[in-house]
Amino acid sequence: MAASTNGSTNDTKRKKIVLIGGGHAHVQVIKALCKSNRPSNVDVTVIDRVSDATYSGMVPGCVSNLYDVEDTLIRLRPLCEWARTEFIYGIVVDIDIDARVITLKDGDVLGYDVCSLDIGSTIRPIPGDDDANVIPTRPISHLIDRIQDAEIEETNDKEDIHVAVVGGGAAGIELAMGIRGRWGQSDANTDDRRVRVTILDSNNVLFPHESISNRNAVEKVLKDRGVTVRPCSIVTRVTPHELHLQNNVDRNSDDILLPYTHCVWATGAYPHPLSRVLADRGVGCDERGWIQVSSTLQSVTHPSLFAAGDCASIQIDCNNEDTSSGTTTTIPKAGVYAVRAGPILVTNLVNYILQQEESLQKPTGNTATVNNSNNIRYPVLLKYKPQDDFLKLIMCGDGTALGFRFGISLYGKWVWHLKDHIDRMFMNLFRAENLPVVNDELQQLDRNKDGNGSKHANVQYDDASKLQQAPPIAATEAALLLKRTDDNVNYEDAWKVLRDMMADDNYRICVLDEISN
């Protein structure tokens, strides 16, 4: 497909937003900035190497056959067609930031006024000459295909199948239990020992930053499903049938050889190749190669470049404010942060263009506005303030799940039903059958009235703040509910308790006190 050879248009009549990648943040931008909901002089183009984006939160459930592949996919082409947004099927190999020109692998080039990256990450390099038996977790869109290709044939032989999962993070743990549920009995008390699953973790404990009770809960669900854990294990070499392991505590010890039939490589995120190209272009990246952005999700070196999701490293201090000096920290690589960044990105991409049109200097603060000669009020770019903690939900491969929140563990079928509801609620936003009818004659946004670049500014998909809610139940009753693991728990009741705890510090303290008693 031919693309424009021009860079930034410098044309006040037409402005272009280019979204590279169809990640969790960008799919929200595509929907929010549909033709009837974006400024009439703004065009949006999406570039991706795949036409179907995979929602990572549902992939482990698909591995364990709790979902079909279709359940995990966001169809980018139909979504873009509905939004009257151009979709380019291609691979971006370079971005000239100064000229604002994107180069595709096929040689086509495309100009832009503002560009955003939501390209995810890739896997850490696999050490060894032969990785034919290794199943990498990225690109995540290929993970299910690789597992299906490795599907075990039903035979009568008793030869063991040994699946080694390299990586003891949430992804590795979920995939280990997902594969156990897919390929073998999920009950460790059965005589069927045909399928063995081992997690290789470089740390001495799983989830070292969680509470002891939460770590114990993880160990229990793994043990109950016959999944073993080898702590302090680093893979130094991969051969077709053996992993060379080194003790992470004693690096001088001899390698241990671990035989395997299948290896899942879930060692965590590694920067996308395009990030390294941008670093060579002078785009600010951290020491690991992630694109550095401020809390407005803008590149710290190039304001016309935005980034969200795994590819970005958001630099914040302990007060969640931008900082150019002193102690900074970055948020973990987790899909929840990309999802939460989506509404902020929607607003900031449009507002950046509005400010540039009037050559306004970016103001500071979250709520200040600027008046120009026409007395038009323009909002500043919003700041993304990542939450310090969030509800972590780990699929166990058998219709149950384990959850962490406020330092306590949650377990049972109700936790799986809650996770399934949250994931489907997000996915349903983009299903073709759920998209509203778009009337091309609908009135475009009138920025002269309120200066707002989007009707969906800073609204999370699961925001329940405006819903009429019943008052919180008694703390004693709430504690008993969250501690239940039986099949009769209504997940909606438990979820309301968790939301009430998030909204009211005193209530949360009371419930946690009751749980600890």
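Bear in mind that the values here come from a model prediction, so they are computed numbers and not experimental data.
Environment of NZ in Lys105: sparse, with no more than 12 heavy atoms of neighbouring residues, nucleotides or ligands closer than 6.0 Å. More than 12 heavy atoms of other residues, nucleotides or ligands lie within 6.0 Å of CZ in Arg405, so this atom counts as buried by the packing criterion. Atom NZ of Lys413 has 12 or fewer heavy atoms from other residues, nucleotides or ligands within 6.0 Å.
For Tyr411 and Thr400, the side-chain atoms include at least one donor-acceptor pair closer than 3.5 Å. His26 and Ser116 share a side-chain donor-acceptor pair at under 3.5 Å. A side-chain N or O of Ser121 and one of Arg138 form a donor-acceptor pair less than 3.5 Å apart. Checking Asp286 against Ser313 by side-chain atom types alone, a donor-acceptor pair falls below 3.5 Å. Inspection of the Asp96 and Thr103 side chains reveals no N or O donor paired with an N or O acceptor under 3.5 Å.
The aromatic rings of Phe87 and Tyr89 sit tilted, their planes meeting at an angle between 30° and 60°. By the 30° and 60° cut-offs, the orientation of the rings of Phe207 relative to Phe404 is perpendicular. Between His421 and Tyr491, the ring planes lie tilted relative to each other; the angle falls in the 30° to 60° range.
Proximity of Ile256 to Arg230: side-chain heavy atoms (C-beta onward) are separated by under 4.5 Å at one or more points. Under the 4.5 Å side-chain criterion, counting only non-hydrogen atoms from C-beta, Ile74 is not in contact with Asp52. Between Val264 and Val166, every side-chain heavy-atom pair lies at or beyond the 4.5 Å cut-off. Under the 4.5 Å side-chain criterion, counting only non-hydrogen atoms from C-beta, Ile47 is in contact with Leu110. Using a 4.5 Å heavy-atom threshold, the side chains of Leu19 and Val29 count as touching.
Side-chain atoms of Thr72 come within 3.5 Å of backbone atoms of Val69 as a donor-acceptor pair (strictly under, hydrogens ignored). No donor-acceptor distance shorter than 3.5 angstrom exists from the side chain of Thr54 to the backbone of Ser56, with no hydrogens or angles considered. Here the side chain of Asp118 pairs no donor or acceptor atom with the backbone of Gly22 at under 3.5 angstrom.
Nearest heavy atom pair, residue Ile97 against residue His302, reads CG2-CD2, 2.9 Å. Across all their heavy atoms, Thr122 and Pro271 have their closest contact at CG2-O, 3.3 Å. Minimum interatomic distance between Thr137 and Ala266 (heavy atoms only, all atoms of both residues): CG2-CB, 3.7 Å. Here the shortest heavy-atom pairing between Ile291 and Ala307 reads CG2-CB, 4.3 Å. The minimum heavy-atom distance linking Met501 with Leu482 is given by the pair SD-CD1, 3.8 Å. For Tyr260 against Thr239, the heavy-atom pair with the smallest separation is OH-O, 2.6 Å.
Lys419 has a carboxylate O that lies under 4.0 Å from a charged side-chain N of Asp423, or vice versa, which qualifies the two as a salt bridge. In this structure, Glu70 pairs ionically with Arg75, as a charged nitrogen and a carboxylate oxygen lie closer than 4.0 Å. Of the charged side-chain nitrogens involved, at least one lies within less than 4.0 Å of a carboxylate oxygen, so that Arg225 and Asp398 count as a salt-bridged pair. In summary, Lys220 and Asp224 engage in a salt bridge, as defined by a charged side-chain N under 4.0 Å from a carboxylate O. Using a 4.0 Å cut-off between a side-chain N of Lys or Arg and a carboxylate O of Asp or Glu, Glu210 and Lys392 qualify as a salt bridge.
For the pair Arg180 and Trp183, the cation does not sit on the ring face, since its NZ or CZ is not both under 6.0 Å from the ring centre and inside 45° of the axis.
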